[in-house]
Amino acid sequence: MDVSRLAVPALASFADKHPTEMVEAGAVPTLLSLLRAGNEDVQLVVTRALVLISNHEMHRVRLINDGAVPLLISLSRADNPDLHQLASDALTNIAEAGGPLAVMLNPIMLDLKGRIRASCRTGGLLVFAGGQ
């Protein structure tokens, strides 16, 4: 049995109620590892946890420093519309941290918003230019 399938929903539930405790306990690198290695179900749950953590301004720098942004950018290109949306939501929250990262993420976020709008017009199918 895949232990991550059992543990990840508990982590996400904990992130919903106690994001500060999760970050302070050092859970972000573990979540990012699960995101890299997980199947789509695990990625959905972990990305939701990252959205919940990124809702808190004080945790955004931790997400940046721990390497969440490249993973979230990659997931924002996912075929799964739920995963795409969650990754985009987390990136939007992180971009609100301001500074150089916000400047860097702004074009990416505008592109993602355009893709989401196009997705709505094409019946929910995300179409990526350049075969991405």
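Reckoned from all heavy atoms, side chains included, excluding hydrogens, waters and symmetry mates.
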Arg62: salt bridge (Lys or Arg N to Asp or Glu O under 4.0 Å) partners, not counting sequence neighbours: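 Testing Arg62 for salt bridge (Lys or Arg N to Asp or Glu O under 4.0 Å), a comparison that skips the adjacent residues, returns Asp66.
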
First locate atom [atom1] of [X], then atom [atom2] of [Y], and finally report the distance between them rounded to the nearest 0.5 Å.
| X | Y | atom1 | atom2 | result |
| --- | --- | --- | --- | --- |
| Arg36 | Leu75 | CZ | CG | 10.5 Å |
| Met22 | Thr30 | CE | OG1 | 8.5 Å |
| Leu63 | Ile94 | CG | CD1 | 4.5 Å |
| Arg77 | Leu83 | CZ | CG | 13.0 Å |
| Asn65 | Arg60 | CG | CZ | 14.5 Å |
| Asp89 | Arg48 | CG | CZ | 11.0 Å |

Transitive ILVMFWY side-chain link Leu34 to Leu52, under 4.5 Å: no

ILVMFWY cluster, Leu44 and Leu50 together (side-chain gap under 4.5 Å):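 Per the 4.5 Å side-chain linkage, Leu44 and Leu50 are co-clustered.
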
Side-chain donor-acceptor pair present, Thr20, His59, cut-off under 3.5 Å: yes

Side chain proximity check, Asn39 to Gln43, heavy atoms < 4.5 angstrom: no

Asn55 side chain near Pro19 side chain, heavy-atom distance below 4.5 Å: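 The answer is no, as the side chains (C-beta and beyond) never meet within the 4.5 Å cut-off.
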
Ser76 versus Ala87, closest heavy-atom pair with distance: N-CB, 3.6 Å

Side chain to side chain contact (heavy atoms under 4.5 Å, CB included) partner of Thr47, the single match among Asp82, Val42, Leu72: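 Among Asp82, Val42, Leu72, the one that satisfies the side chain to side chain contact (heavy atoms under 4.5 Å, CB included) with Thr47 is Leu72.
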
